[in-house]
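Below: the structure, in structure tokens.
Heads up: numbering here begins at 1 and tracks the sequence.
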Amino acid sequence: MRVFLSIVFILNLFATGVSQSRYFDSVIEHLNSIKPDTLRLKKMSIVAQEVMATNCDEAILLAKFGITESEKLKHTDFKLQFKSILGYSYKVKGNFKASVASFMEVLTEAESTGSLIRSASATNNLGTTFLELGKYKEAEYYFLKAINIGLKRSDTIQLARTYANFGYLKAELQQHDSALIYYQKALPIFIRVRDSLRVADNYLNTGRSLLSLNQNSLATLNFSKALFIFKQYEDIDGQCRTILNLADVEIANKNYKASLDFNFQALELAKLSKSDYLIDFCYQGISDCYTLLGDFKNALNYYKLHKNLNDSINSLEKHQQIVDLQEKYQSNLKDKKILEGEIELTEKDRQRQVLFVILIASGLIISILILLFYKLKQYNSKLEVLIKEKEFLMHEIHHRVKNNLQLLGSLFELQIRSTNDEKTKLALTDSQNRVSSIATLHSKLYSRGNVISIQLDQYIIELCNDLRRTFTNKPFKINYELDSFEVNVDKSIIIGLIVNEIVTNSIKHAFIDTNNPTLTISLKQKGTHLVLELNDNGKGLTENMDELSKKSLGIKVITSLSKQLNAQLTTINKNGLGYILSFER
């Protein structure tokens, strides 16, 4: 048997050269001596993964040999493992068509055998492959599928890897706030299991998102942590990528000479790793730095190097092949589901016949109870998954609402800066603060596990802090006497708008010529009602509240919102102006 295997591999490896044949002869001879078979397959998979880092062709041949051996021994899990190694090897080599084909085979077989572990791994690998190709829709589909499987299995390590990859996808889509959320979910898990290289990659990706959000100092801190870890593990590729990002920080800080030095450091490392992609990035970065420094001759020379190398890397044909393969997989999946439906119907008929015999022998009551218990367990499991999916989607909705409201606030800010009319500025600032109060609420909902209610006392404090930042030219003091209560989202939005209007009115009108301007805010419970009081020590009202409400938009807004809240609104015009709002919790 050993002689036969050696002859087969010599024939298969002849085209790859004499040195490779000698290598595999020695590997096969060693592996064939290992007993039992499962231990031999495990050792073979370890060798294939180690070889992948230095020679993809050798890893591909080892993986194919492992697939053949696994099929002979009818060991499905090892076969799927070797197919995954084959997909990785093709991916590292740059053969994305073969890589996707391998991962698709793993996913199809894993789904047919019900292997959630392999399904999660395959969907995550497909997501990363499509992400590298810039196919963001496909990548998002497979990442969400991997998250769904991870939640079913409660596999925190697999979820951490998918969260990190999904964060990278969000960063590619310029959704850096979302990206940071997913990186923060993944980091503690990587640290806990001591996966140092993934920790380093997480710091690197976090730094890139922070840099995109103009948080340069925090970005530099994260890049420094990543670079330290990559150096400890002598990861040349990781060091190169990190230094390229440090160069981008220096560009953002307008330190073009420092950026040029970083790019040259990265180029040396890229040449050591023999990575055309990294070398191409270095050439482009050096060309950009020389342009910013005014050295157009060197800028042109390195641009030519970048252009030539970039043209050789990209291939439109490669992208089209991937799309065709994806469509073929979806078509096969539909046919497979139809066939499974027919098999399921046949299986149910057979079970009914067997059940009839069991009912006669064992009794009707016991069988029905077992069946009901099994169905209930399945239903509860599906319900848990749906609840987790709903929570995930709700968080995404609140996050997107927050982003849209912040964008609307930014548009108000642009309009404020573009006008010279003070009345218009004040009106736009009021509208901006109203939008900000709602955006603050959605921001808090997104950051918490509970998306139905909110801590009202914390929300009021955050709103007032936002208003302080808006009216920096009018300093004032706030005394808080707030008890802690949770209030549902609908009521919180109305209360937030009312607080915004009252505080804004006090700042704009009450505190004119007032020494030590102070606002006191109290939140207490009386019976079944919550009582919110806001008092200022300003000049108070100089005219009747009813007459003032006809002229003041702010008073109209406060009165209208109080009615929507079904709240009793009382004003006190003594030693300043006070509002008392009583409403059901």
Side-chain angles (χ1 to χ4, degrees), residues 1-129 142 146 149 155 157-158 161 197 325 329 332:
M1 180 64 179
R2 187 178 301 173
V3 174
F4 172 74
L5 289 173
S6 298
I7 292 171
V8 170
F9 253 77
I10 289 170
L11 291 173
N12 286 339
L13 302 177
F14 183 79
T16 65
V18 176
S19 62
Q20 211 171 50
S21 296
R22 288 174 181 169
Y23 171 80
F24 277 102
D25 285 342
S26 62
V27 171
I28 293 166
E29 184 177 356
H30 172 69
L31 291 173
N32 284 336
S33 65
I34 299 175
K35 301 295 180 182
D37 293 327
T38 53
L39 184 59
R40 179 163 56 88
L41 291 174
K42 184 176 181 180
K43 179 64 177 176
M44 193 183 301
S45 71
I46 293 171
V47 172
Q49 291 176 68
E50 290 174 347
V51 169
M52 191 198 316
T54 55
N55 192 317
C56 291
D57 291 327
E58 292 173 354
I60 289 168
L61 291 169
L62 266 176
K64 287 181 177 179
F65 178 69
I67 293 169
T68 303
E69 289 295 285
S70 301
E71 288 175 341
K72 287 179 184 176
L73 298 170
K74 296 181 180 180
H75 204 304
T76 304
D77 191 62
F78 269 117
K79 181 177 71 172
L80 295 179
Q81 184 174 347
F82 282 114
K83 284 189 176 183
S84 295
I85 295 171
L86 185 63
Y88 277 120
S89 301
Y90 279 131
K91 184 177 176 182
V92 173
K93 191 178 179 182
N95 188 345
F96 292 99
K97 177 183 177 182
S99 175
V100 169
S102 297
F103 291 140
M104 287 290 188
E105 286 183 16
V106 175
L107 179 58
T108 303
E109 291 186 45
E111 289 178 340
S112 66
T113 58
S115 175
L116 289 178
I117 296 176
R118 295 296 175 194
S119 294
S121 176
T123 49
N124 191 40
N125 291 332
L126 283 165
T128 57
T129 305
Y142 286 111
I149 296 170
D155 187 343
I157 296 175
Q158 181 64 47
R161 294 171 183 169
L197 290 178
L325 194 58
Y329 169 73
N332 290 340

- Task: To the nearest 0.5 angstrom, please state how far the CG atom of Leu62 sits from the CD atom of Glu69.
- Result: 11.5 Å
- Backbone of Asn95 reached by a side-chain donor or acceptor of Ser99 within 3.5 Å: no
- Item | Qualifying ring-ring contact (aromatic ring centres under 6.0 Å, His included) pairs with a residue from residues 99-123, counting only residues at least two apart or across chains | Tyr88-Phe103
- Rounded to the nearest 0.5 angstrom, the CG-CG distance for Asn124 and Leu107 is 12.0 Å
- Message: Within the structure provided, determine whether Lys91 and Thr128 are in side-chain contact (heavy-atom separation under 4.5 Å).
- Response: yes
- Task: Could you give me the CA-CA distance, side-chain angles and deciding distance for Lys93 and Ile60, then say whether side chain to side chain contact (heavy atoms under 4.5 Å, CB included) is met?
- Result: CA-CA 10 Å; Lys93 191 178 179 182; Ile60 289 168; 4.2 Å; yes
- Item | Close side-chain approach of Lys97 and Tyr90, heavy atoms under 4.5 Å | no
- If you look at every heavy atom in Ala59 and Ser89, which pair is closest and at what distance? CB-OG, 3.5 Å
- Between Leu86 and Ile67, what is the shortest heavy-atom contact and its length? CD2-CD1, 4.1 Å
- Query: Rounded to the nearest 0.5 Å, what separation is found between the CD atom of Glu109 and the OG atom of Ser119?
  - Reply: 11.0 Å
- Message: Using only atom types and a distance under 3.5 Å, with no angle test, would you say the side chain of Thr68 pairs donor to acceptor with the backbone of Lys64?
- Response: yes
- Query: Quick one: CD on Gln49 to CZ on Phe82, what's the gap to the nearest 0.5 Å?
  - Reply: 8.5 Å
- Can you find a pair of side-chain heavy atoms, one from Tyr142 and one from Thr129, that are under 4.5 Å apart? no
- Do the non-hydrogen side-chain atoms of Gln81 and Arg118 ever get within less than 4.5 Å of each other? yes
- Could you give the distance from CD (Glu50) to CG (Asn55), rounded to the nearest 0.5 Å? 14.0 Å
